[in-house]
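Worksheet for the structure shown next.
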Amino acid sequence: MSTVNVAIVGATGAVGTKILEKLLERNFPSSSIKLLASKRSAGNVIEVDGKQFAVEETVPESFDDVDIAFFSAGGAISKMFAEEAVKRGAVVIDNTSAFRMTETIPLVVPEVNADVLQEHNGIIANPNCSTIQMVTALEPIREKFGLNRIIVSTYQAVSGAGAEAIDELEIQSNQFNNRQEIDAKLLPTGAGEKFYPISFNAIPQIDAFDSSGYTFEELKMINETKKIFNMNELHVSATCVRIPVVSGHSESVYFEVDKEGVSVDDIRSELVNAPGIVVQDDAKTQHYPMPLFSEGKDDVFVGRLRKDPDHPAGFHMWVVTDNLIKGAALNSVQIAESLLATEKK
Ligand code: NAP
Ligand code: 3JN
């Protein structure tokens with residue numbers, strides 16, 4: 001198969017539009033790209049680089065003659081159409097949590113575990129954005145020095161909650177500046193009926209709570225990390241926080257390696273040579289990653305590398321990436337590229 005027919009489900013959304021941009025930017029070998037969304041957007045036209053694409057409603061027949069279907073319209077839509085797409089001959093790359101923890105479905109970050117793509121049943125899961133950037137940054141360290149424990153706190157951009165959340169931050173910021181009452185209608189998402197302002201605030205809740213006191217976003221980070229690293233025994237804990245940034249998730253990651261006598265320089269040299277990572281780590285020149293400067297970039301940026309003062313194998317680092325790019329669209333397109341490379345072998 002030298003070129004493939006592609007479909008994007010959720011093509012009008014925050015993630016779907018980036019998938020289309022990445023496919024075009026990377027010259028993905030597509031013979032056709034079909035944009036799918038809900039009935040509401042059918043007939044709309046999306047223009048990228050002077051090329052126009054008409055949006056169609058997603059129906060089972062949409063997947064006839066599709067080789068690769070990217071899904072990013074929420075878990076319910078994936079559950080409704082992914083198996084149907086596979087039956088009609090497509091391989092599905094699913095950006096939702098619908099199938100991530102299903103044992104027989106590979107959960108893939110190509111820099112970490114592209115090898116698991118060799119066996120799949122037609123559906124491949126793309127991890128949660130917060131998981132992707134953390135495992136990308138930890139993989140070179142894990143490979144060389146082993147890993148026992150991760151404790152992560154996230155500072156997540158509103159674009160992770162979709163196009164409407166970006167609008168909410170902008171509207172609330174104007175309300176704040178105009179000394180008007182702030183109208184909170186959306187965040188935290190998945191939480192029911194109680195909402196808080198995101199402008200000039202930090203909300204320590206992303207998605208609903210489960211009975212353990214963790215939110216589902218935190219549980220995704222914990223469970224997906226163990227699956228991707230194939231390390232059930234790894235200790236992982238997470239606190240996920242929404243902050244008033246448009247794009248770029250940041251993470252404070254504490255980790256303990258397995259080997260003794262590892263230095264910060266040892267860790268830095270592994271990161272400097274790793275694929276997809278840019279090290280920005282110089283206290284003297286105040287050089288460190290920030291979400292404002294990660295927007296639109298493909299890389300995972302790592303800085304603020306330090307040894308823990310009390311634990312001989314403990315380290316801290318600060319990890320930033322554009323959540324809609326490596327955290328979602330780029331990782332999905334890289335999965336498709338790896339898949340085509342695997343099939344060629
Ligand atoms: P969004 O901006 O709200 O976009 C939602 C998309 O889903 C739109 O294209 C929408 O089309 C489409 N859609 C809604 N109902 C549909 C239906 N009945 N049939 C077909 N399409 C339908 O959301 P987003 O931020 O792009 O996120 C979309 C999903 O991607 C999320 O729910 C999540 O599962 C996943 N996601 C994953 C990550 C990650 O961490 N990897 C990050 C963010 C999101 P209309 O324009 O027609 O409404
Ligand atoms: O909030 C974020 O920053 C990331 C959100 C991801 C998300 C939002 C709604 C539904 C997901 C996800 O990818 O885990 C889902 C979902 O598919 O469960």
- Message: Under a 3.5 Å threshold, yes or no: a donor from one side chain and an acceptor from the other, between S159 and N323?
- Response: yes
- Take atom CD in E47; do more than 12 heavy atoms of anything else shown fall under 6.0 Å from it? yes
- Message: Do the side chains of R304 and D281 get close enough for a salt bridge, i.e. N-O under 4.0 angstrom?
- Response: no
- Message: Quick check against the 3.5 Å criterion: does S41 have a side-chain atom that pairs as donor or acceptor with the backbone of A37?
- Response: no
- Message: Could you tell me if S237 and Y214 have a donor-acceptor pair between their side chains, going purely by distance under 3.5 Å?
- Response: yes
- Would you call I105 and N121 a side-chain contact if the rule is heavy atoms closer than 4.5 Å? no
- Determine, using ring centers only, whether F71 and F63 are less than 6.0 Å apart. yes
- Query: When hydrophobic residues are tied together by side-chain contacts of less than 4.5 Å, even through go-betweens, does V241 share a cluster with I150?
  - Reply: no
- Task: Establish, from distance only, whether the side-chain atoms of T215 and D207 form a donor-acceptor pair under 3.5 Å.
- Result: no
- Near E25 CD, under 6.0 Å, is it more than 12 heavy atoms from other residues, nucleotides or ligands? yes
- Message: Tell me which pairs pass salt bridge (charged side-chain N to carboxylate O under 4.0 Å, His left out) where either residue lies in residues 125-148, with sequence neighbours left out.
- Response: E139-R142
- Task: Going by the side-chain contact (heavy atoms from CB on, under 4.5 Å) test, name the single residue among I68, L36, T17, L23 that passes it with I8.
- Result: L23
- Task: Verify whether one side chain among D210 and S212 offers a donor that lies under 3.5 Å from an acceptor in the other.
- Result: yes
- Item | Pairing of K326 and E111 as salt bridge, 4.0 angstrom limit | yes
- Verify whether one side chain among E224 and T131 offers a donor that lies under 3.5 Å from an acceptor in the other. yes
- Exercise: do S78 and D94 side chains pair donor with acceptor under 3.5 Å: yes
- Task: Please work out whether the ring planes of H311 and Y254 are parallel, tilted or perpendicular, with thresholds of 30° and 60°.
- Result: perpendicular
- Between P106 and E119, is any pair of side-chain heavy atoms under 4.5 Å apart? no
- Query: Just checking, any donor-acceptor pair under 3.5 angstrom between side chains of T154 and Q156?
  - Reply: yes
- So side chain to side chain donor-acceptor pair (under 3.5 Å) across residues 172-185, not counting sequence neighbours, yields E168-Q172
- Query: Taking side chain as C-beta onward, heavy atoms only, is V91 less than 4.5 Å from V86?
  - Reply: no
- Verify the neighbour count for atom CZ of F28: are there more than 12 heavy atoms of other residues, nucleotides or ligands below 6.0 Å? yes
- Query: Are the side chains of V92 and I124 in touch, meaning some heavy atoms are under 4.5 Å apart?
  - Reply: no
- Message: One thing to verify: whether R88 and E84 come together as a salt bridge, which I'm taking to mean a side-chain N less than 4.0 angstrom from a carboxylate O.
- Response: yes
- K307 side chain to G314 backbone, donor-acceptor under 3.5 Å: no
- Message: Give me each pair satisfying side chain to side chain donor-acceptor pair (under 3.5 Å) with a member in residues 282-295, each pair once, sequence neighbours excluded.
- Response: D282-T285
- Item | More than 12 heavy atoms of other groups within 6.0 Å of D65 CG | no
- Query: Does F81 share a hydrophobic cluster with I123, counting links as ILVMFWY side-chain heavy atoms below 4.5 Å and allowing steps through other members?
  - Reply: yes
- Within 6.0 angstrom of E83 CD, more than 12 heavy atoms from elsewhere: no
- Check: D308/H316 side-chain N/O donor and acceptor closer than 3.5 Å: yes
